[in-house]
J.: 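This is the structure, below, for whatever I ask next.
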Amino acid sequence: MMVLEKRNEETSASDVLSTINTFLCYGNQTPVTKEGRVFTVIFATIGIPVAGLMMVGVAERMKRLTKRIENKKLPCLKTHSTIDNILKTILIHVTMITLLVLIPSIIFRVVEGWRYGDGIYYSFITLTTIGFGDYVVGINDDRAGKHVYKFLVVVWIIFGLSWVGAFIGDTTEKYKKFTERKENENRQVGDGNPKEIKVKDTKEVVSLNI
């Protein structure tokens, strides 16, 4: 039997397992028996890669959705592709931040009784996998439907982590393309235009013959 150490909080094995699989490790729930620790190692060894693959799949779907939006031109900015791309990128990320940070923070304020700023702080700490453990949802909650609430929080974490992964991957890809384009431009400037060099050499030969 896996015994958990309680740090002035009620906890359950399901909370620990969901925490492990989402890479958070708040630190407020820990196994204290030898059997529990062995089980945690085995479960994490299997569960984390599986959860990671699932999040990668969700992130890929999110990237496909954002690509579809980015490929659609705004009618008023058809001739301004740069501004069009910037506005769509801002719109996508503002929408995702609203859905995954701002709105959940309101829910945490209502359900947990936190201040709105604390809800935003908890959302950031959770979705960046920092997980200090100073704020944890569902602690000492005896209300009906608490298990549904915790399940929805886990779903939110999965989608949030997937979005963060997709955002980092997309940003890295765009930065790589930008640096490669700059390197190609610098290389072309450094090498010069072959046609211009050939014309210049021809003029020098003609001048010498004269």
Side-chain angles (χ1 to χ4, degrees), residues 7 9-30 40 43-70 86-141 145-176:
R7 303 187 180 179
E9 301 164 352
E10 291 184 2
T11 186
S12 65
S14 61
D15 295 333
V16 176
L17 300 183
S18 61
T19 300
I20 292 171
N21 272 350
T22 50
F23 323 120
L24 295 176
C25 297
Y26 287 121
N28 65 310
Q29 304 159 344
T30 56
T40 300
F43 180 82
T45 303
I46 300 172
I48 290 178
V50 172
L53 289 173
M54 180 182 65
M55 290 180 190
V56 168
V58 175
E60 286 297 325
R61 291 182 180 274
M62 286 183 174
K63 287 179 68 175
R64 289 176 193 170
L65 179 61
T66 55
K67 288 294 182 184
R68 290 179 184 176
I69 297 173
E70 290 175 352
I86 293 174
L87 286 178
K88 283 186 293 188
T89 301
I90 293 173
L91 178 63
I92 290 170
H93 293 308
V94 167
T95 302
M96 296 305 296
I97 290 172
T98 301
L99 292 176
L100 295 172
V101 176
L102 301 182
I103 293 177
S105 297
I106 296 174
I107 297 173
F108 296 141
R109 184 179 186 277
V110 174
V111 178
E112 302 291 341
W114 300 340
R115 293 176 299 179
Y116 184 66
D118 293 336
I120 294 177
Y121 165 78
Y122 168 76
S123 299
F124 176 82
I125 292 299
T126 298
L127 298 184
T128 52
T129 69
I130 296 174
F132 285 127
D134 47 352
Y135 286 91
V136 182
V137 299
I139 300 301
N140 297 325
D141 189 357
K146 68 175 182 178
H147 296 296
V148 176
Y149 168 64
K150 289 184 177 181
F151 172 76
L152 292 177
V153 170
V154 172
V155 173
W156 164 72
I157 291 173
I158 291 173
F159 276 94
L161 292 178
S162 300
W163 172 71
V164 171
F167 172 74
I168 294 173
D170 185 58
T171 303
T172 303
E173 183 180 344
K174 288 181 178 179
Y175 177 75
K176 185 178 179 181

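Values reported hereafter were calculated over all heavy atoms of this structure, with side chains retained and with hydrogens, waters and symmetry mates removed.
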J.: Could you check whether the rings of Phe108 and Trp114 sit parallel, tilted or perpendicular, using 30° and 60° as the cut-offs?
T.: tilted
J.: Just how far is it from atom CG of Asp170 to atom NZ of Lys67, taken to the nearest 0.5 Å?
T.: 5.0 Å
J.: Rounded to the nearest 0.5 Å, what's the gap from CD1 on Ile48 to CE on Met55? Could you check?
T.: 9.5 Å
J.: To the closest 0.5 Å, what do you measure between CD1 (Ile107) and CH2 (Trp156)?
T.: 9.5 Å
J.: Give a yes or no on whether the backbone of Asp134 and the side-chain of Tyr122 come within a donor-acceptor separation of less than 3.5 Å.
T.: no
J.: Take atom OH of Tyr116 as the centre, draw a 6.0 Å sphere, and report whether it contains more than 12 heavy atoms from other residues, nucleotides or ligands.
T.: yes
J.: Quick one: are Tyr121 and Arg115 in side-chain contact, heavy atoms under 4.5 Å?
T.: no
J.: Apply the test side-chain contact (heavy atoms from CB on, under 4.5 Å) to residues Tyr135 and Ile125: give CA-CA distance (whole Å), side-chain angles for both, the deciding distance (0.1 Å), then the verdict.
T.: CA-CA 9 Å; Tyr135 286 91; Ile125 292 299; over 6 Å; no
J.: Over all heavy atoms of both residues, which pair between Val136 and Glu112 is shortest? Give the atoms and the distance, please.
T.: O-OE1, 4.5 Å
J.: Set out, in order, the CA-CA distance, both residues' side-chain angles and the distance that settles side-chain contact (heavy atoms from CB on, under 4.5 Å) for Met96 and Thr66, then state yes or no.
T.: CA-CA 11 Å; Met96 296 305 296; Thr66 55; 6.0 Å; no
J.: Using 0.5 Å steps for rounding, measure from the CG atom of Leu102 to the OG1 atom of Thr95.
T.: 10.5 Å
J.: Can you name the nearest heavy-atom pair linking Ser162 to Ala59, along with the distance?
T.: O-CB, 3.4 Å
J.: Write down the atom of Thr98, the atom of Val94, and the distance for their closest heavy-atom approach.
T.: OG1-O, 2.8 Å
J.: Are any side-chain N or O atoms of Thr126 and backbone N or O atoms of Ser123, one a donor and one an acceptor, separated by less than 3.5 Å?
T.: no
J.: Testing the basics here: between Trp163 and Ile97, what is the closest heavy-atom pair and its distance to 0.1 Å?
T.: CH2-CG1, 3.8 Å
J.: Could you go through Val154 and Lys150, starting from their C-alpha distance and side-chain angles, then the distance that decides it, and tell me whether this counts as side-chain contact (heavy atoms from CB on, under 4.5 Å)?
T.: CA-CA 6 Å; Val154 172; Lys150 289 184 177 181; 5.7 Å; no
J.: What distance separates Ser105 OG from Leu100 CG, expressed to the nearest 0.5 Å?
T.: 10.5 Å
J.: Can you confirm whether more than 12 heavy atoms, excluding those of Phe159, are under 6.0 Å from its CZ atom?
T.: no
J.: How close do Leu127 and Val101 get, counting heavy atoms only, and between which atoms?
T.: CD1-CG2, 4.3 Å
